[in-house]
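One structure is given here, and the rest of the page talks about it.
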Amino acid sequence: MPTENSAVPGTMATTSFASRLTTVIESKKTPLVVGLDPRIANLPQSLRKGLPEIPTSEAELEAVAARYFEFCKGIIDVVAPLVPAVKPQAAFFEQLGPHGMKALNAAVKYARDAGLLVIMDAKRGDIGSTATAYAGAFLGPDSPWGADALTVNPYMGTDTLEPFTVRATRTGSGIFVLVKTSNPGSGTLQELVADGATVYQHVARHIQQLNEELRSDSEYGPVGAVVGATYPEQLAELRKKMSRAIFLVPGVGAQGGMAADVAAAFDENGHGAVINSSRAIIFAWQRPEFESATDWQNATELATRQTIDQIADQTNAGRLRN
């Protein structure tokens, strides 16, 4: 029988991703998600020592990949007791080729063994059998990557989401669809108007519809939305349009988003969103305010706790502490 941690392809999972995420958020009393975005130049000196700035040979690629895993392992050791999930950014591993992909796989397994949910940030999206292959590769505990959720790009059309929603529903996993992203140039396409609404509003409408159809054991459905903290007005607008979607909110920290900017993402009980912070936490050892930290992991812990407190103090997520 499938359980919340195991599901057979073709069989409906007994517990949805939304319910599992809500449970672990309540357990940790915070919606903070920590991104895993390793970069050679930002590694602590102890891990960066001896590495090339740009690896080219097989030996160099393998060495960097090994340090990336060691770095992610160190981050996970610190944040696992504090947050519900981590979000590996696949690109930073992919650029190292097969060695990087092995490091990513090891990091995912290590995070899951530590009790964390894993949101794979890979922004996949394609048609037909290709989308089905992506969904099967990433989503669910029986998949090769074993992710609990995956970021998905919808801009090839609504039909491209179906293989992901089918897989997510069957395996108790979730997807986060790009709606209004945090980058400065997002409006170039996402704010174009067609049939009286912006492109991002059309995507939001479709997400709401999907969740109305697919919602099962939770107030929220398996189709989440990526909405950046750097656009708080649109965040508030989209919360009203997608009442059934869990929001994945990037942009807090290094991209300039503040905790107060994400307040509209939450419902009255402090649910409905996870807030991602990557560089401001994992490279906290470089921030002047944490110069007194005993080492880079201690800086990571201090930054994580600081961000948790800021989100709790400035949003309804503070009610999770009651």
Side-chain angles (χ1 to χ4, degrees), residues 16-18 21 31 33 87 119 121-127 131 134-135 149-166 168-169 174-215 218-252 255-276 315-317:
S16 70
F17 170 71
L21 180 60
V33 170
K87 183 177 72 66
I119 301 170
D121 194 353
K123 299 181 178 67
R124 295 301 194 256
D126 216 317
I127 60 172
Y134 278 138
L150 173 70
T151 56
V152 175
N153 190 328
Y155 289 97
M156 287 181 68
T158 55
D159 59 311
T160 65
L161 296 181
E162 183 177 358
F164 293 101
T165 60
V166 169
T169 303
I175 62 173
F176 288 99
V177 179
L178 304 182
V179 180
K180 186 68 178 79
T181 55
S182 59
N183 57 301
S186 64
T188 305
L189 295 178
Q190 295 167 15
E191 294 184 18
L192 290 176
V193 176
D195 294 332
T198 64
V199 171
Y200 76 77
Q201 289 169 341
H202 285 291
V203 177
R205 185 180 303 124
H206 185 64
I207 289 173
Q208 178 71 0
Q209 180 182 343
L210 285 174
N211 281 325
E212 291 288 358
E213 297 170 356
L214 298 171
R215 185 164 52 99
S218 171
E219 177 182 356
Y220 296 99
V223 187
V226 178
V227 184
T230 49
Y231 297 99
E233 291 184 5
Q234 285 91 341
L235 182 65
E237 168 203 350
L238 289 168
R239 178 75 282 170
K240 296 176 182 177
K241 292 181 180 296
M242 293 183 287
S243 60
R244 303 301 187 191
I246 295 175
F247 283 16
L248 170 60
V249 186
V252 171
Q255 292 187 57
M258 306 295 288
D261 295 330
V262 306
F266 297 99
D267 63 23
E268 63 276 11
N269 298 312
H271 291 299
V274 287
I275 311 302
N276 178 76
T315 76
N316 281 345

Check your understanding: If only atom types and distance count, is the side chain of Asn316 paired as donor or acceptor with the main-chain N or O of Asp267 below 3.5 Å?
Key -> yes
Practice item. Quick one: pull up CD1 in Ile175 and CG in Leu210 and give me the separation to the nearest 0.5 Å. Key: 7.5 Å
Exercise for review: Give a yes or no answer on whether the side chain of Ser186 reaches the backbone of Lys180 with a donor-acceptor pair at less than 3.5 Å.
Suggested key: no
Study note, to complete from the structure: Heavy atoms of Val227 and Pro250 approach each other most closely as O-CD, 3.5 Å
Check your understanding: Are any side-chain N or O atoms of Gln208 and backbone N or O atoms of Arg244, one a donor and one an acceptor, separated by less than 3.5 Å?
Key -> yes
Check your understanding: Closest heavy-atom contact between Val223 and Leu214?
Key -> CG2-CD1, 4.2 Å
Review point. For the side chain of Arg124 and the backbone of Leu150, is there at least one donor-acceptor N/O pair under 3.5 Å apart?
Key: no
Exercise for review: Might you work through the side chain to side chain contact (heavy atoms under 4.5 Å, CB included) test for Glu213 and Thr165, ending with a clear yes or no?
Suggested key: CA-CA 11 Å; Glu213 297 170 356; Thr165 60; over 6 Å; no
Check your understanding: Given the rule in the side chain to side chain contact (heavy atoms under 4.5 Å, CB included) test, do Val179 and Val226 qualify, once you have shown the distances and angles that lead to the verdict?
Key -> CA-CA 6 Å; Val179 180; Val226 178; 5.9 Å; no
Point to revise | CD1-OG1 distance between Ile119 and Thr151, expressed to the nearest 0.5 angstrom | key: 9.0 Å
**Study point:** CD1/Ile127: more than 12 non-hydrogen atoms of other groups inside 6.0 Å
**Key:** no
Practice item. Search all heavy atoms of Ala149 against all heavy atoms of Phe176 and return the closest pair with its distance. Key: CB-CE1, 3.8 Å
Review point. With a 4.5 Å heavy-atom cut-off, do Asn211 and Pro222 have their side chains touching?
Key: yes
Exercise for review: Verify the distance criterion only: is there a donor paired with an acceptor across the side chains of Glu191 and Tyr231 at less than 3.5 Å?
Suggested key: no
Check your understanding: What are the two closest non-hydrogen atoms of Lys123 and Asp121, and how far apart are they?
Key -> NZ-OD1, 2.6 Å
**Study point:** Straight-line distance of Gln201 CD to Met242 CE, nearest 0.5 Å
**Key:** 10.0 Å
**Study point:** Distance in Å, Glu219 CD paired with Ile246 CD1, rounded so as to fall on 0.5 Å steps
**Key:** 9.5 Å
Check your understanding: Do His202 side-chain atoms and Ala194 backbone N/O form a donor-acceptor pair below 3.5 Å?
Key -> yes
Exercise for review: Could you tell me how the ring of Phe164 sits relative to the ring of Tyr134: parallel (under 30°), tilted (30 to 60°) or perpendicular (over 60°)?
Suggested key: parallel
Exercise for review: List the atom of Ile207, the atom of Ala245, and the distance in Å for their closest heavy-atom pair.
Suggested key: CG2-CB, 3.9 Å
Check your understanding: CG of Asp126 to OG1 of Thr160: how many Å apart, nearest 0.5 Å?
Key -> 8.0 Å
Revision key, fill the gap. Of Lys241, Gln234, Arg205, the one forming a side chain to side chain contact (heavy atoms under 4.5 Å, CB included) with Tyr200 is Gln234
Practice item. Would you check if Leu189 and Val199 make a side-chain contact, meaning some heavy-atom pair closer than 4.5 Å? Key: no
**Study point:** Value rounded to 0.5 Å, distance of OH in Tyr220 from CG in Leu21
**Key:** 10.5 Å
Review point. Which atom names give the shortest non-hydrogen contact between Gly272 and Arg239, and what distance separates them?
Key: O-NH1, 3.0 Å
Point to revise | Test log, rule side chain to side chain contact (heavy atoms under 4.5 Å, CB included), inputs Leu248 and Lys87 | key: CA-CA 10 Å; Leu248 170 60; Lys87 183 177 72 66; 4.1 Å; yes
Check your understanding: Going by heavy atoms in the side chains, are Val249 and Phe266 under 4.5 Å from each other?
Key -> no
Review point. So does Glu162 have more than 12 non-hydrogen atoms from other groups sitting under 6.0 Å from CD?
Key: no
